[in-house]
Amino acid sequence: MTYSLRQFIQESEAALRNTFSESHLLSQLKPMLEQLLKTPSSVPTEAFARREDRFAMNLLHMPRDKAYSIIGGVWKPGQTTPIHDHLTWALIGVYAGEEREALYRRTDDGSNPHFAKLEKVSERVNKKAHVTVLGDTGIHRVDNTSLDAAESIHVYGRDIGNAERHSYNPITGEIGRFVSGYCNVLRDDEPY
């Protein structure tokens with residue numbers, strides 16, 4: 001059975017508009033994303049336009065109210081993200097290649113907005129059709145240690161490209177702030 005990005009967007013939209021519990025929503029979205037990831041040629045190649053300098057985030061869909069965003073992510077070999085959060089729920093699914101992902105949790109009380117003490121809780125290599133589910137306190141790092149490009153589909157509970165988020169220095173504990181943007185959209189209110 002074929003399953004397209006368009007079908008995934010339509011079914012995700014219905015689930016997002018009719019489900020009010022985050023855990024129930026994520027349990028509905030995860031199998032839909034897994035189905036998309038397992039379907040050959042279900043995502044157009046332009047969803048995975050690469051950048052030479054860093055991991056690329058390409059906006060695939062976002063409704064006008066910006067309630068969620070769907071991203072095509074791509075890492076060339078050796079590219080990595082900083083340790084970071086999303087400040088919303090997220091599903092990250094591997095479409096092609098492999099991604100090494102390390103999950104972290106804060107062990108401090110969170111009272112200092114400039115400092116965090118982190119503990120690495122797991123690290124694994126995620127392969128095709130693996131979906132990571134993160135709640136709004138999730139912190140992770142993703143990198144490509146393989147010789148081939150890694151491509152993934154991400155679903156976030158907000159306009160992730162224009163949201164201020166945090167990066168974490170695991171050695172000094174310093175918390176940075178960043179806005180990732182989208183590689184295929186200007187940073188304004190350009191229609192999608």
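You'll find the side chain of Thr107 stays beyond 4.5 Å of the side chain of Leu118, heavy atoms only. Looking at Ser167 and Phe178, their side chains come closer than 4.5 Å, going by heavy atoms from C-beta outward. Looking at heavy atoms from C-beta onward, Trp89 lies out of side-chain contact with Leu134 at the 4.5 angstrom threshold. Using a 4.5 Å heavy-atom threshold, the side chains of Tyr3 and Glu11 count as touching. Between Phe8 and Leu33, the closest side-chain pair of non-hydrogen atoms falls below 4.5 Å.
When every heavy atom of Pro77 is checked against every heavy atom of Ser146, the shortest pair comes out as CB-O, 3.2 Å. Listed here is the closest heavy atom pair of Ala129 and Lys38: CB-CG, 3.6 Å. Considering all non-hydrogen atoms of both residues, Cys183 and Arg54 come closest at SG-NH2, 4.3 Å. The two residues Arg106 and Asp108 make their nearest non-hydrogen contact at NH2-OD2, 2.6 Å.
In this structure, Gln7 CD and Ser12 OG are separated by 11.0 Å, a value rounded to the nearest 0.5 Å. The distance from atom CD1 of Ile139 to atom CZ of Arg105, rounded to the nearest 0.5 Å, is 11.0 Å. Atom-to-atom distance recorded for Asn162:CG and Met62:CE is 6.5 Å, nearest 0.5 angstrom. Here the CZ-CD distance, from Arg50 to Gln79, works out to 9.5 Å after rounding to the nearest 0.5 Å. Once rounded to the nearest 0.5 Å, the distance linking CD of Glu164 with OG of Ser180 reads 11.5 Å. Distance CZ/Arg165 to CZ/Arg177: 13.0 Å, rounded to 0.5 Å.
Neither Ile83 nor Tyr156 shares a network with the other; the hydrophobic side chains, linked directly or stepwise wherever heavy atoms of I, L, V, M, F, W or Y lie under 4.5 Å apart, form separate groups for each. Residues Leu16 and Leu87 are members of separate hydrophobic clusters, defined by side-chain heavy-atom contacts under 4.5 angstrom among Ile, Leu, Val, Met, Phe, Trp and Tyr. Following chains of ILVMFWY side-chain contacts shorter than 4.5 Å, one can reach Leu60 starting from Met32, so the two form part of one hydrophobic cluster. Val94 and Val142 fall into different hydrophobic clusters, where Ile, Leu, Val, Met, Phe, Trp and Tyr are joined by side-chain heavy atoms under 4.5 Å apart, directly or via other members.
Note on Arg17 versus Glu13: salt bridge recorded, some NZ/NE/NH1/NH2 to OD/OE distance being below 4.0 Å.
Partners of Thr19 under the side-chain hydrogen bond (donor to acceptor under 3.5 Å, both in side chains) rule, at least two apart in sequence or in another chain, are Gln28. In terms of the ring-ring contact (aromatic ring centres under 6.0 Å, His included) criterion, residue partners of Tyr68 (sequence neighbours excluded) are, by chain and number, His61. Listed by chain and residue number, His86, His140 satisfy the ring-ring contact (aromatic ring centres under 6.0 Å, His included) test with His84 (two or more places apart in sequence, or in another chain). With sequence neighbours left out, Ser23 forms a side-chain contact (heavy atoms from CB on, under 4.5 Å) with Ser21. Residues passing the side-chain contact (heavy atoms from CB on, under 4.5 Å) test with Asp53, sequence neighbours excluded: Arg51. A search for side-chain hydrogen bond (donor to acceptor under 3.5 Å, both in side chains) contacts involving Thr88 returns nothing, not counting sequence neighbours. Residues passing the side-chain contact (heavy atoms from CB on, under 4.5 Å) test with Pro44, sequence neighbours excluded: Leu5, Glu46. Residues meeting the side-chain contact (heavy atoms from CB on, under 4.5 Å) test with Ala14, sequence neighbours left out: Asn18.
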Step by step, work out the side chain to side chain contact (heavy atoms under 4.5 Å, CB included) result for His130 and Glu99.
CA-CA 10 Å; His130 171 84; Glu99 298 175 356; over 6 Å; no
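In this structure a side-chain-to-backbone donor-acceptor pair under 3.5 Å is missing from Ser4 to Ser42. Judged by distance alone, the side chain of Ser27 and the main-chain N or O of His24 form a donor-acceptor pair under 3.5 Å. Put simply, the side chain of Asn58 gets close to the backbone of Ala49: a donor and an acceptor are under 3.5 Å apart.
Results of the side-chain contact (heavy atoms from CB on, under 4.5 Å) test with Val133 over Val155, Ile92, Leu91 single out Leu91 as the only residue that passes.
Ring orientation note: the planes of His154 and Phe55 are tilted relative to one another, at an angle of 30° to 60°.
Counting only residues at least two apart or on different chains, no salt bridge (charged side-chain N to carboxylate O under 4.0 Å, His left out) pair has a member in residues 83-94. Within the structure, salt bridge (charged side-chain N to carboxylate O under 4.0 Å, His left out) pairs that include any residue of residues 141-150 comprise Arg100-Asp143, Glu123-Arg141, Arg141-Asp143 (at least two apart or interchain). Residue pairs that meet the salt bridge (charged side-chain N to carboxylate O under 4.0 Å, His left out) test with at least one member in residues 125-138, sequence neighbours left out, are Glu98-Lys127.
Side-chain contact check for Asn126 and Glu101: at least one donor-acceptor pair (N or O, by modelled atom type) lies under 3.5 Å.
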Enumerate, atom names and distances included, each donor-acceptor pair closer than 3.5 Å involving a side-chain atom of residues 69-76, sequence neighbours excluded.
residue: Ser69; atom: OG; partner: Arg158; partner atom: O; Å: 2.6
residue: Ser69; atom: OG; partner: Ile160; partner atom: N; Å: 3.4
residue: Lys76; atom: NZ; partner: Glu52; partner atom: OE1; Å: 2.5
residue: Lys76; atom: NZ; partner: Glu52; partner atom: OE2; Å: 3.2

